[in-house]
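So you know, we letter chains A, B, ... as the sequences are listed, proteins then strands, and number each from 1.
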2 protein chains.
Amino acid sequence: MRLARLDCETFHNTMSKVSESTVRRLSLYLRFLEEFEAHGTQTVSSETLARLGGTTSAQVRKDLSFFGSFGKRGLGYSVSELAERLRDILGLQRSYGVVVVGAGKMGSAMVLHGGFARRGFFVKAAYDVDEHAVGRQLNGVEVRHADQLERDLERESIDIGVIATPPEAAQRIAEQLVQGGIKAILNFAPVRLAVPEGVLVKDVNLSLELEALSYGIRNR
Amino acid sequence: MRLARLDCETFHNTMSKVSESTVRRLSLYLRFLEEFEAHGTQTVSSETLARLGGTTSAQVRKDLSFFGSFGKRGLGYSVSELAERLRDILGLQRSYGVVVVGAGKMGSAMVLHGGFARRGFFVKAAYDVDEHAVGRQLNGVEVRHADQLERDLERESIDIGVIATPPEAAQRIAEQLVQGGIKAILNFAPVRLAVPEGVLVKDVNLSLELEALSYGIRNR
DNA sequence: GGATGTGAATGTCTTCACAGCT
DNA sequence: AGCTGTGAAGACATTCACATCC
């Protein structure tokens with residue numbers, strides 16, 4: 001199937017059902033492509049991406065095929081072109097405004113983590129209720145009182161909210177974020193958030209990861 | 001199928017193939033069970049666990065059925081008994097020694113996070129190469145120089161290593177951890193670690209999570 | 001009656017294998 | 001010759017539906 005340059009949208013509309021694992025792998029491939037770009041490598045094969053990503057070449061090709069055909073048979077993929085395409089597919093051509101609610105260990109780590117801005121995710125502010133936290137600067141990002149969250153969201157357009165509060169507070173914050181027009185939430189609090197359809201929630205639960213390791217250790 | 005009280009091992013040996021998603025859900029169910037335990041609730045149905053965990057009652061029953069039959073038809077599951085069984089299945093009856101390598105934002109967050117000890121994961125030490133970090137105490141956990149890692153691992157028995165170093169350092173640390181007899185690694189560094197078969201690696205990559213949200217936002 | 005436990009059916013993801021370009 | 005793109009096959013996971021037992 002042949003595709004004109006920029007009509008990925010066509011695909012998104014028609015075949016919106018791409019698995020989460022595919023999306024995660026695409027992100028991974030993009031990482032590797034960017035390393036190749038930095039190295040000046042021109043061309044890459046599905047086999048190479050597969051080896052780096054710990055998967056198979058068929059998987060790589062299938063993952064890409066959901067969105068079009070970006071390679072040249074007998075040759076492989078143009079590194080820069082495929083990177084461009086993946087950035088487009090993943091929605092990384094634009095940048096995203098992020099707020100972090102909860103400036104404890106995890107929240108601060110998210111704010112201070114250097115890698116996000118490089119990939120277009122800009123943390124605009126952090127919020128907390130603790131007097132010691134409020135008013136501090138985290139690497140140029142102001143920690144404000146959580147009371148200001150709703151008002152701030154009306155002023156500045158924010159796309160993604162990170163919830164790193166204690167579990168009791170998480171649902172209320174989620175509601176404020178939704179109210180403020182946020183489209184996606186990265187949730188570190190160990191609770192299932194109730195949100196309206198259309199709002200994305202991604203849970204990160206590190207205790208769960210440790211327990212998966214515990215299971216794995218016990219069962220060889 | 002009827003099971004004697006404590007022969008979960010039988011199952012682990014015979015049917016070692018349980019999906020990662022099942023294991024994660026079991027961890028989740030255990031969370032809810034512990035809340036019910038604290039509340040004094042005696043009995044719980046697959047339907048209730050399903051609603052809390054965002055899945056279906058059939059899924060809950062299937063997940064459990066891989067390991068035995070723990071419920072009473074017509075009644076549901078005994079909260080305390082099922083919790084006990086899940087702790088057994090997940091290997092949470094024992095405790096685990098953990099070391100955190102890399103005392104930056106993520107590493108410190110892992111050390112300082114209160115929830116892990118409660119679930120049997122005890123951080124015994126943290127390691128870094130930075131002079132400012134080495135020697136500090138993080139909530140009672142000493143930050144040592146990474147040079148000491150190998151020696152320390154010989155002395156104290158450690159089960160799980162957390163890698164929160166820059167990507168360049170990760171592979172070498174992984175090798176030291178493996179050399180030191182560690183059985184599982186939680187890896188925050190954005191690189192694929194090469195480890196001998198039998199060593200478990202769980203990658204956590206928060207940029208990837210954000211990119212999955214970005215994809216989701218772009219595609220409704 | 002009411003909820004479990006589980007084969008069978010369905011659905012989803014991965015791997016195979018090869019036709020089709022370059 | 002080499003590597004992609006993709007239907008078809010196979011593996012895996014979820015859901016259905018009902019016999020079974022408390």
Side-chain angles (χ1 to χ4, degrees), chain A residues 1-3 8 10-11 14-26 28-29 32-33 36 41-79 81-83 85-86 89 212, chain B residues 1-4 8 10-11 14-26 28-29 32-33 36 41-79 81-82 85-86 89 212:
Chain A
M1 190 190 313
R2 215 69 180 68
L3 266 193
C8 277
T10 322
F11 281 89
T14 49
M15 26 182 326
S16 207
K17 243 359 199 193
V18 169
S19 76
E20 169 116 14
S21 358
T22 290
V23 174
R24 299 176 72 93
R25 282 191 300 263
L26 293 178
L28 252 189
Y29 306 154
F32 304 136
L33 288 166
F36 282 125
T41 310
Q42 298 284 322
T43 234
V44 78
S45 70
S46 58
E47 180 55 39
T48 305
L49 289 174
R51 202 163 30 242
L52 291 169
T55 178
T56 67
S57 62
Q59 181 74 77
V60 172
R61 296 197 300 277
K62 182 66 85 180
D63 285 339
L64 296 174
S65 78
F66 291 124
F67 299 94
S69 31
F70 310 130
K72 286 198 185 31
R73 298 177 193 226
L75 259 174
Y77 303 88
S78 148
V79 168
E81 192 186 314
L82 185 56
R85 294 308 188 87
L86 289 183
I89 291 165
Chain B
M1 191 190 313
R2 215 67 181 67
L3 265 193
C8 277
T10 322
F11 280 87
T14 49
M15 26 183 325
S16 206
K17 242 6 204 187
V18 169
S19 76
E20 171 116 14
S21 358
T22 290
V23 173
R24 298 176 74 93
R25 283 191 300 263
L26 293 179
L28 253 189
Y29 306 153
F32 303 135
L33 288 167
F36 282 125
T41 311
Q42 298 284 322
T43 236
V44 78
S45 70
S46 57
E47 181 57 39
T48 305
L49 290 174
R51 203 163 31 244
L52 291 169
T55 178
T56 67
S57 62
Q59 181 75 79
V60 172
R61 295 198 299 278
K62 182 67 86 181
D63 285 339
L64 296 174
S65 79
F66 290 125
F67 299 95
S69 31
F70 310 130
K72 287 199 185 27
R73 298 176 193 227
L75 259 174
Y77 303 88
S78 149
V79 168
E81 194 186 312
L82 185 55
R85 293 306 189 88
L86 290 183
I89 290 165

5' precedence on DNA chain C between A/K62 and A/K72 (nearest-nucleotide basis): A/K62
Atom-pair distance (CG on A/L26; C1' on C/dC13), nearest Å: 14 Å
B/E47 or A/T55, whichever maps to the more 5' nucleotide of DNA chain C: B/E47
Looking across every strand, which nucleic acid part, if any, lies under 4.0 Å from A/S57 by heavy atom: base, sugar-phosphate, or nothing? nothing
Calculate, to the nearest 0.5 Å, the distance between atoms CZ and OG belonging to A/R51 and A/S46 respectively. 10.0 Å
Between B/R51 (CZ) and C/dA3 (P), how many Å, whole number? 11 Å
In Å and rounded to the nearest 0.5 Å, what is the OH to CG distance from A/Y77 to A/L64? 5.0 Å
When rounded to the nearest 0.5 angstrom, what is the spacing between CG in B/L82 and CZ in B/F36? 11.5 Å
Quick one: is B/S19 getting a side-chain N or O under 4.0 Å of the D/dC12 phosphate, OP1 or OP2? no
Rounded to whole angstrom units, what separation is found between the CZ atom of A/R85 and the P atom of D/dG5? 11 Å
Rounded to whole angstrom units, what separation is found between the CG atom of B/D63 and the C1' atom of D/dC12? 14 Å
Spacing of B/T55 atom OG1 and B/L28 atom CG [to the nearest 0.5 Å]: 10.0 Å
Give a yes/no on whether any side-chain N or O of B/S69 is located under 4.0 angstrom from OP1 or OP2 of C/dT4. no
Looking at A/Q59, I'd like to know whether one of its side-chain N or O atoms comes within less than 4.0 Å of OP1 or OP2 on C/dT15. yes
Taken to the nearest whole Å, CG/B/L64 to P/D/dT15 is 15 Å
Would you indicate, yes or no, if D/dG5 has its OP1 or OP2 atom less than 4.0 angstrom from a side-chain nitrogen or oxygen of A/S65? no
Measure from CZ on A/F70 to C1' on C/dC21 and round the result to the nearest Å. 17 Å
If you go through the side-chain atoms of B/R61, does one of them form a donor-acceptor pair with the base of C/dT4 closer than 3.5 Å? no
Looking only at the side chain of B/S21 (C-beta and beyond, no hydrogens), which of the listed nucleotides D/dT14, D/dC16, C/dT4 gets closest? D/dT14
Could you state the atom-to-atom distance from CZ of B/F66 to C1' of D/dA13 in whole Å? 8 Å
Rounded to the Å, how far apart are B/E20 CD and C/dT12 C1'? 17 Å
Distance, nearest 0.5 Å, that separates CD of A/Q59 from OH of A/Y29: 5.5 Å
side-chain N/O A/Y77 vs C/dT22 OP1/OP2, d < 4.0 Å: no
On a plain distance test, is the side chain of A/R73 in donor-acceptor contact with the base of C/dT22 below 3.5 Å? no
